[in-house]
Peer 1: 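First, the structure itself, so that you have it in front of you.
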Amino acid sequence: MNKSTSKTGSRIWIILTLLSLAGLAFIFEYSKTAGWTTAFTLIEIIFIAILLFSFVMGYVRTGLWAFGHRSLKQLDERELMVISHSLRTAYAIFTVLVLSFLLFVALTERSISMVCVVSFIIFAHLLPASIVGWDEVV
Amino acid sequence: MESRKLYNRINLLRKERGMSRQELADKIGVNFQTIGYLEREEYNPSLDLAFRISEVFELPIDMIFSTAAFKSISEILKENSNNKHHE
């Protein structure tokens with residue numbers, strides 16, 4: 001497998017993981033107003049399955065998760081630069097997204113569900129590793 | 001400040017000494033993938049790392065790294081041959 005192929009593969013799994021996480025939270029929020037149905041349960045189960053499968057394929061098997069959570073002492077100077085860049089970018093993306101979401105919640109006078117909060121926590125942990133996986137072949 | 005591209009002879013010297021990327025990486029204390037980045041000139045090493053590389057190859061730093069592209073072996077051989085003919 002060449003470098004560009006593995007990078008494309010990695011990007012597909014990252015997109016699938018993040019989209020399934022967003023879908024999971026969105027369907028849960030939507031079902032609160034539209035009413036919970038069997039179809040929603042089924043869609044949520046499918047999203048959870050995609051999330052878990054793509055997480056294993058894109059983050060665990062590639063070593064991306066381990067790389068993103070490795071102790072700084074175990075990283076060499078290039079890896080430190082990669083992690084530093086990913087954390088800086090992740091911070092910017094996460095801040096803008098969370099603040100925009102909070103603004104939306106405040107303007108529409110909605111309540112924030114536990115699923116949304118948990119999704120944001122998972123997203124915060126996934127984001128730095130996702131940026132590394134997007135840019136680099138780990 | 002954007003740093004200048006550094007050219008190097010790491011790949012040539014490593015192969016000349018029959019070393020694998022992993023062996024060189026272990027000697028200078030980096031991940032083997034970093035050796036690939038260095039050899040492809042996609043990453044400029046720190047001064048400390050450059051010194052460690054020069055110590056492994058037992059060569060001065062300026063013989064391994066340069067801000068100008070190195071001449072290829074065939075170019076150097078051709079120059080040497082021309083110089084001999086002139087002498």
Side-chain angles (χ1 to χ4, degrees), chain A residues 1-15 17 54-93 125-138, chain B residues 1-70:
Chain A
M1 194 160 59
N2 64 37
K3 198 179 168 182
S4 61
T5 313
S6 60
K7 198 183 249 186
T8 309
S10 179
R11 284 178 175 182
I12 290 167
W13 291 123
I14 287 166
I15 291 169
T17 308
S54 58
F55 174 74
V56 171
M57 294 301 288
Y59 294 78
V60 180
R61 285 186 70 175
T62 55
L64 202 56
W65 186 254
F67 178 76
H69 290 81
R70 207 181 287 166
S71 153
L72 292 182
K73 285 177 185 171
Q74 291 177 302
L75 300 171
D76 67 34
E77 57 179 54
R78 184 192 64 84
E79 292 171 323
L80 278 172
M81 277 180 64
V82 170
I83 289 291
S84 163
H85 169 260
S86 75
L87 287 174
R88 205 170 63 234
T89 312
Y91 173 76
I93 294 171
H125 274 271
L126 286 175
L127 203 50
S130 306
I131 291 160
V132 173
W134 194 268
D135 294 335
E136 309 269 328
V137 180
V138 179
Chain B
M1 186 184 79
E2 193 150 327
S3 57
R4 287 183 294 177
K5 181 180 175 151
L6 277 186
Y7 298 88
N8 70 68
R9 287 176 164 142
I10 297 172
N11 184 273
L12 182 82
L13 294 166
R14 179 178 63 79
K15 284 181 178 164
E16 194 182 77
R17 283 156 174 78
M19 243 186 257
S20 68
R21 281 184 177 174
Q22 187 63 62
E23 282 170 330
L24 178 59
D26 291 342
K27 282 185 179 176
I28 61 172
V30 296
N31 189 306
F32 79 96
Q33 283 176 320
T34 299
I35 303 296
Y37 278 89
L38 286 168
E39 288 182 351
R40 291 191 298 274
E41 291 158 350
E42 290 174 2
Y43 172 69
N44 287 352
S46 66
L47 191 57
D48 176 43
L49 186 58
F51 267 110
R52 275 186 274 162
I53 292 166
S54 80
E55 282 161 16
V56 169
F57 293 130
E58 294 170 329
L59 286 170
I61 281 187
D62 63 343
M63 286 184 85
I64 306 172
F65 298 97
S66 169
T67 51
F70 284 109

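Letters A, B, ... are given to chains in the order of the sequence lines, protein chains preceding strands, and every chain is numbered from 1. Reckoned from all heavy atoms, side chains included, excluding hydrogens, waters and symmetry mates.
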Peer 1: What residue pairs, at least two apart or across chains, pass side-chain hydrogen bond (donor to acceptor under 3.5 Å, both in side chains) with a residue in residues 49-61 of chain B?
Peer 2: B:D48-B:R52

Peer 1: With sequence neighbours left out, write down each residue that passes ring-ring contact (aromatic ring centres under 6.0 Å, His included) with B:Y43, or none if nothing qualifies.
Peer 2: none

Peer 1: At under 4.5 Å between heavy atoms, what parts of residues 14-30 of chain B are in contact with chain A? List them by residue number.
Peer 2: B:G29, B:V30

Peer 1: What's the shortest heavy-atom distance between B:N31 and A:D76, and which atoms?
Peer 2: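 The pair with the smallest heavy-atom distance is N-OD2, 2.8 Å.
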
Peer 1: If you measure from CD on A:E136 to OH on B:Y37, what distance do you get to the nearest 0.5 Å?
Peer 2: 3.5 Å

Peer 1: With sequence neighbours left out, what residues match A:S54 under side chain to side chain donor-acceptor pair (under 3.5 Å)?
Peer 2: A:T17

Peer 1: Mark yes or no for whether A:E77, through its side chain, and B:S46, through its backbone, hold a donor-acceptor pair below 3.5 Å.
Peer 2: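 A pair under 3.5 Å: yes.
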
